[in-house]
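Before any comments, here is the structure.
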2 protein chains.
Amino acid sequence: MDIDRIRAAAARLDGHARRTPLLSSPFLDEIAGRRVLVKPECLQHTGSFKYRGARSALSAMDDAVRARGVLAYSSGNHAQGVARAAQEFGVPAVIVMPADAPALKIANTRSLGAEVVLYDRATEDRNALGARLAEERGLSLVKPFDDPEVIAGQGTTGLEIAEDASALGIESAEVLVCCGGGGLTSGIALALEADAPGMRVRPVEPQGFDDTARSLASGEITPHGQPERGLCDAILTPAPGQLTFPILKRLAGPGLAVSDDEAMRAMALAFQRLKIVAEPGGAVALAAALFHGDALEADTVIVTVSGGNVDAATFARALDTL
Amino acid sequence: MDIDRIRAAAARLDGHARRTPLLSSPFLDEIAGRRVLVKPECLQHTGSFKYRGARSALSAMDDAVRARGVLAYSSGNHAQGVARAAQEFGVPAVIVMPADAPALKIANTRSLGAEVVLYDRATEDRNALGARLAEERGLSLVKPFDDPEVIAGQGTTGLEIAEDASALGIESAEVLVCCGGGGLTSGIALALEADAPGMRVRPVEPQGFDDTARSLASGEITPHGQPERGLCDAILTPAPGQLTFPILKRLAGPGLAVSDDEAMRAMALAFQRLKIVAEPGGAVALAAALFHGDALEADTVIVTVSGGNVDAATFARALDTL
């Protein structure tokens, strides 16, 4: 994995991925006690950054391979990203999803033209199911994070952060990234190493699911050991990946963890001050910036809002915290 | 009023106003039965397009005049735009607001450094109050729409629409604009006349407050004649302006009017599909695109979401329509 792969992904994504802006609000700066810039990947196609990695992976495949179709495991955002990218290329997509995934995410994935295969988390082996489907139909697996082309696609977010921050005269910052398996975090870290070496990535996770923070602290991959259930459903991945962790170990600062309540309050403030919709897992980095300032060092913090695929009831509960 | 004034405003706004993207969703296209592109000015500084006009007006003033301070009448979005622009220039801002304006808008205006003077809509004469303040303190009035530099600032929205649509290969479209006094609508109309002559502006208003539609139909300024109270508080202006109406009469297509319920449903769909926060008055153009397709002609419709300053309770009610 190196910067050239990210730049190549950026070239392939040009004209396809949406160029998201950097947002800000003096009201958020005041709460945080420092300058806060927000990269709203909730505004990306399919409502999360996952489209970048999916489009990158599909566009890097040989035409004949891609034409047979793609397979993904996902509880939601990765599924939608892969489904949309496959639809754009006109190739089949099969998405293996837990039967208890949010209904909106399942419906959206189907509406984007994918075949959704549901499984029971308690009784079925997702990997065996997927392997059988892949073999039967000649599908290529698109991993959610531990794949060089996926990491490269997510890393294009970091190229944009570096460019837009530089235009604002910002060369030094902590960059807080909502972190599940570390695809977005490691991709951004590589991009900033090349284009904004004065910036340092710091992963942010939900409390109790801070496997990346623990892994960075111990120096080796350390799963969180919890069932993957919780408010921040997009980023409950058990552990950082074989590809992503070495990148994070080399480049990322210490991890941060926020409570579900803090994530909900950050969603409400993103509504009120930025006019964007963040899902719980997409709001943890903003929550860290707003409510964990003691753990930060830089005068400027840049945070990703990594997704906005949240149901109305959960969002309304977040607004109740205002 | 001509295009050169808009281009000059764009130069003065460069590096200050936020460059908002064009958003889209296949789910909205499906509801509308045509391609829908959304210009989310809710993401603009202060949460509405009004910042553009305010910054344009203040930046066009002589330094000595601006230094004495500015005055504005506004129930909300214009107030915040003027307050922020004045704060950026370090000059005093006095905002005359009705005492029953949304609490969040009053609080935001104060937090942006402005002095807020409240008046009672029923018993006090806003214009007399403002004139007295202006004379006593040497303040310059920044009108909400009927001012060439304000129209020019709002028109920069149209320059961006033309440029971004062209990059997508779109030269022909109906451009639906949320319309109060017509500053944004006339500014966009002038910009498109120059840069995207295949596009036509159409104003969208709340039912019962469709003074611009009636004025366009009758050929002369026709007030709606209602008290300025309703869900879509940002765009209940009694009539188009002396400067804005002749521009609209020359360039705009027939007006459209939507119900409050349609505006609320459009807010909910903007939440669900675009991950943006629209206020009721900022959602009427999207509502027209989604629910009044029979009144539209073009294969592509571009809609402004002109603001996102809505309280949580109203927003939660909108989500209940999903």
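For the numbers below, each heavy atom of this structure counts, side chains included, while hydrogens, waters and symmetry mates do not. Chain letters run A, B, ... following the sequence lines, proteins first and then strands; every chain starts at 1.
Residues A:R84 and B:P26 have side chains in contact (heavy-atom distance under 4.5 Å, counting atoms from C-beta outward).
Counting heavy-atom pairs closer than 4.5 Å to chain A, the top residue among B:L274, B:L168, B:N108 is B:N108. Contact count versus chain B (heavy atoms, under 4.5 Å) is highest, among A:N309, A:L322, A:L22, for A:N309.
Checking side-chain atoms of A:K275 against main-chain N and O of B:G308 turns up a donor-acceptor pair under 3.5 Å.
Both the backbone and the side chain of B:S24 come within contact range of chain A, judged by heavy atoms closer than 4.5 Å. Looking at B:D320, there are no atoms closer than 4.5 Å to chain A (heavy atoms on both sides), in backbone or side chain. If you measure heavy-atom distances from A:L43 to chain B, the contacts under 4.5 Å come from both the backbone and the side chain.
For B:D100, the CG atom sits in a packed shell: over 12 heavy atoms of surrounding residues, nucleotides or ligands are nearer than 6.0 Å.
The CG atom of B:L319 lies 7.0 Å from the CG atom of A:L319; values are rounded to the nearest 0.5 Å. The structure places CG of A:L23 at 10.0 Å from CD of B:Q44, a figure rounded to the nearest 0.5 Å.
When all heavy atoms of B:F271 and A:V310 are compared, the pair lying nearest together is CZ-O, 3.5 Å.
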